[in-house]
Q: 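The structure under discussion is supplied below as structure tokens; questions concerning it will follow.
Here the structure is a predicted model, which means the values were calculated and not measured. In what follows, every chain begins at residue 1, and chains take the letters A, B, ... in the order their sequences are listed. All heavy atoms count here, side chains included; hydrogens, waters and symmetry mates do not.
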Amino acid sequence: MALTAVKGFNDILPDETGRWQYIEQTARRVFELNGFGEIRVPVMEKTELFCRSIGDATDIVEKEMYTFVDKGGTSVTLRPEGTAGVMRAFIEHKMYAQDPIAKLYYLGPMFRYERPQKGRYRQFHQIGAEITGVNDPLADAQVLNMLTSFFREIGLTEPTLQINSLGCPECRPAYRAALRSFLEERMEHLCEDCKRRFDTNPLRTLDCKSQGCIEATVGAPSVLEHLCSGCDDHFSSVRRYLDISSTPYSINSRMVRGLDYYTRTTFEMVTGLLGSQSAVAAGGRYDGLISQLGGPAIPGIGFAMGLERVALLLGSQDFASSPDLFIATMGAGERDVAFRLMDGLLKTGVRVEMDYEGKSLKSQMRRADKLKACYSVVIGENEVTSGRASFKRMEDGLQSDVALTVDEIQLLVRKSEK
RNA sequence: GUGGCUGUGGUGAAGCGGUUAACACGUGCGACUGUGACUCGCAUAUGCGAGGGUUCGAUACCCUCCAGCCACCCCA
């Protein structure tokens, strides 16, 4: 093999792009219905942005970023996630000055230097949405409802919504302390990673998959019981709104986040169908992020979903479209007539294919069949002189006599589309 | 970063030390005398991931590397 793509960077071939477009279009439709507007931000940012938003001590920043120094000596990084860049743009363009409430969505590639695996690649794609400027739990509920309806619209019932609250800078330290003293007594049962996390991020132990940790954390204190009254009220309001809109969800008090900026409400759309890559979409509230990045004290909430994972869940349905008509020709003179006809039809929006290379009629018909053309027509000397031809409906071979004019063919095609 | 498995054509694969690398699909062309899908015929691997080694001889055995997959980890 002479030259191949970079490890973990994949080509998406034409037979798959139909599915991708379907996902993207559905997301755009649902998000725009909910009042979100698209924002396009660069795939590369200054490294510092991610250190300050995602968190210096997270795995993403510590070991998964594509970081390098550009020719001007600036340390830059290929975005490992979307929220940081979107918030940077929000602050940089002082979007809050016009209206602190912004509802934005984005889509595009993200980059993380991880070992590739099913549903996990070094270049992967996310669609995400963010609401800034709203403290009220109504925003949380809208985001969750939107996510839920996206999956419903796209025809997937499988991923289910799990929610949790991580508290805020007021109440989280107390919970952290409570959890630590709980874990301290069971230290010897914890896995190596969790022993290490004990100091940096003890909450992660709740999410650990090692058998020892799962057993050791049975009966561990729950975040939800340690929320301050503000966070507790917020969380119950979120739940009330979800109940009002009959949005199904379950509470998972052990759900934690890998990014440091999350506060209060966090959530995931979880599936059992993708092995260990169970999160199809995830997000939460990030009330401190914007000010942390040098903007005003404006709250935010949002999520991102992994396109590869949604595509995997959708399976290999066929989203390809096929031509309305295939024109076969008998000789060189007829090709001029055919070409003029094709051109006229294309201009009216009828999808037409014709032979490119003067192949045998047999080959042309085979191609018409392979392309799954709805109709085919053979243009030879007779047809050119009479101006009429028989159109064959490929599905059942039924032929009908039609004039070789754009109008009449268009009519025929349109009729059969109904 | 750690572990396991795999590596033969466009695809799925057989071959498991020795003549022309099976079979199927796909693709191309053709037959059925201007009409596809069925049937039939013909064609379709710069030689078996790369590099070394063992051997009279390796696609097959050994080593190294590379790649892919899956899991851990992490996460969307």
Q: So what does A:Gly119 touch, heavy atoms closer than 4.0 Å: a base, only the sugar-phosphate, or nothing?
A: base

Q: Would you call the rings of A:Tyr375 and A:Phe391 parallel, tilted or perpendicular if under 30° counts as parallel and over 60° as perpendicular?
A: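 Perpendicular, since the angle between the ring planes exceeds 60°.
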
Q: What class does the angle between the rings of A:Phe303 and A:Phe31 fall in, given that below 30° is parallel, 30 to 60° is tilted and above 60° is perpendicular?
A: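 If you compare the ring of A:Phe303 with that of A:Phe31, the planes turn out perpendicular.
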
Q: What's the gap between B:G52 and B:C69 when it is taken at their C1' atoms, as a whole Å value?
A: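 After rounding to an integer number of Å, I get 26 Å for this pair.
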
Q: Would the base of B:C75 count as contacting A:Arg309 through its side chain, where contact means a donor and an acceptor less than 3.5 Å apart?
A: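 Result: at least one qualifying N/O pair found.
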
Q: With a non-hydrogen cut-off below 4.0 angstrom, is A:Lys118 in contact with a base, only sugar-phosphate, or nothing?
A: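 Here A:Lys118 touches the backbone only, sparing every base.
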
Q: Taking OP1 and OP2 of B:C72, is either one under 4.0 Å from a side-chain nitrogen or oxygen of A:Gln117?
A: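 Yes.
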
Q: Output yes when A:Glu48 and A:Arg52 qualify as a salt bridge under the 4.0 Å nitrogen-oxygen rule, no when they do not.
A: yes

Q: Counting only side-chain N and O atoms of A:Lys362, is one of them less than 4.0 Å from OP1 or OP2 of B:G34?
A: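 So the side chain of A:Lys362 is outside the cut-off, no N or O lying under 4.0 Å from OP1 or OP2 of B:G34.
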
Q: Give A:Glu64 one of three labels, base, sugar-phosphate or nothing, depending on what nucleic acid heavy atoms sit under 4.0 Å from its own.
A: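 Result for A:Glu64 = sugar-phosphate.
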
Q: Can you tell me which nucleotide in B:G1, B:G34, B:C75 comes closest to the side chain of A:Ser278?
A: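 For the A:Ser278 side chain, the nearest candidate turns out to be B:C75.
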
Q: Can you confirm if the NZ or CZ of A:Arg122 lies within 45° of the ring axis of A:Phe111 and under 6.0 Å from the centre of its six-membered ring?
A: no

Q: Taking the C1' atom of each, how far is B:G15 from B:C48, in whole Å?
A: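 Result for the C1' pair: 10 Å, nearest Å.
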
Q: Any base atoms under 4.0 Å from A:Val378, or only sugar-phosphate, or nothing? Heavy atoms, all strands.
A: base

Q: Whom does B:C61 pair with, Watson-Crick or G-U wobble, provided both distances fall under 3.5 Å?
A: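 Pair assignment: B:C61 / B:G53.
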
Q: Could you check which nucleotide pairs with B:C69 in any of the strands shown, counting Watson-Crick or G-U wobble with both distances under 3.5 Å?
A: B:G4

Q: Does B:G36 have a Watson-Crick or wobble mate here (both distances under 3.5 Å), and if so which one?
A: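 Its partner: none found.
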
Q: Base of B:G30, side chain of A:Arg366 - is there a donor-acceptor contact under 3.5 Å?
A: yes

Q: Tell me which nucleotide, if any, is Watson-Crick or G-U wobble paired with B:U20 when both distances must be under 3.5 Å.
A: none

Q: Need the pair for B:A43. Rule: Watson-Crick or G-U wobble, both distances under 3.5 Å, any strand; none if unpaired.
A: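 WC or wobble partner is B:U27.
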
Q: Within the structure shown, what part of the strands sits under 4.0 Å from A:Glu383 by heavy-atom distance: base, sugar-phosphate, or nothing?
A: base

Q: Of A:Val6 and A:Gly306, whose closest RNA chain B nucleotide lies nearer the 5' terminus?
A: A:Val6

Q: Can you see if the side chain of A:Ser390 gets near the phosphate of B:U35 - specifically, an N or O under 4.0 Å from OP1 or OP2?
A: no

Q: Would A:Tyr261 and A:Tyr286 count as a close aromatic pair, with their ring centres under 6.0 Å?
A: yes

Q: A quick test of your reading: do over 12 heavy atoms of other residues, nucleotides or ligands sit less than 6.0 Å from CD of A:Glu381?
A: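 Counting neighbours around CD of A:Glu381, 12 or fewer heavy atoms of other residues, nucleotides or ligands fall under 6.0 Å, so no.
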
Q: Contact class for A:Ala328 vs. all strands (heavy atom < 4.0 Å): base, sugar-phosphate, or nothing?
A: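 A:Ala328: no heavy atom of the nucleic acid under 4.0 Å.
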
Q: Taking N and O atoms by type only, does the side chain of A:Lys392 place a donor or acceptor under 3.5 Å from a partner on the base of B:G36?
A: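 Yes.
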
Q: Looking only at atom C1', what distance separates B:C5 and B:C42, rounded to whole Å?
A: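 Between the two C1' atoms, the distance is 40 Å.
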
Q: With heavy atoms under 4.0 Å as the rule, sort A:Thr58 into base, sugar-phosphate or nothing.
A: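 Since no nucleic acid heavy atom lies under 4.0 Å of A:Thr58, the category is nothing.
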
Q: For A:Phe339, look at atom CZ and say whether over 12 heavy atoms of other residues, nucleotides or ligands are found less than 6.0 Å away.
A: no

Q: Can you tell me, in whole Å, how much space there is between the C1' of B:A37 and that of B:A76?
A: 43 Å

Q: Would you measure the distance from the P atom in B:A50 across to the matching atom in B:U59 and give it in whole Å?
A: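 Looking at atom P only, B:A50 and B:U59 are 10 Å apart.
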
Q: I want to check one thing: is the phosphate of B:C29, taken as OP1 and OP2, less than 4.0 Å away from some side-chain N or O of A:Ser363?
A: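 Checking B:C29 against A:Ser363, a side-chain N or O does come within under 4.0 Å of OP1 or OP2.
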
Q: Figure out the CD/P separation between A:Glu114 and B:G3, and round it to whole Å.
A: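 Checked: the CD to P distance equals 19 Å.
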
Q: Between B:A21 and B:C66, how many Å separate the two P atoms, rounded to a whole number?
A: 32 Å

Q: Decide yes or no for A:Leu166 and A:Arg257: does some side-chain heavy atom of the first lie under 4.5 Å from some side-chain heavy atom of the second?
A: yes

Q: Should the side chain of A:Arg120 and the base of B:C70 be counted as holding a donor-acceptor pair, with the cut-off at 3.5 Å?
A: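 No pair found.
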
Q: Select base, sugar-phosphate, or nothing to describe what A:Gly397 touches, counting heavy atoms under 4.0 Å on all strands.
A: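 Result for A:Gly397 = base.
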
Q: Could you tell me whether A:Ala368 contacts a base, only the sugar-phosphate backbone, or nothing, with contacts defined as non-hydrogen atoms closer than 4.0 Å?
A: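 Nothing, no heavy atom under 4.0 Å.
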
Q: How do A:Gln399 and A:His125 order along RNA chain B: which one's closest nucleotide is nearer the 5' end?
A: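 Between the two, 5'-proximity favours A:Gln399.
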
Q: Is A:Arg393 close enough to B:G36 that one of its side-chain N or O atoms is under 4.0 Å from OP1 or OP2 there?
A: no

Q: Considering only atom C1', compute the distance from B:A71 to B:C25 and round it to an integer number of Å.
A: 32 Å

Q: If only side-chain N and O atoms of A:Lys370 are considered, is one of them under 4.0 Å from the OP1 or OP2 phosphate oxygen of B:G36?
A: no

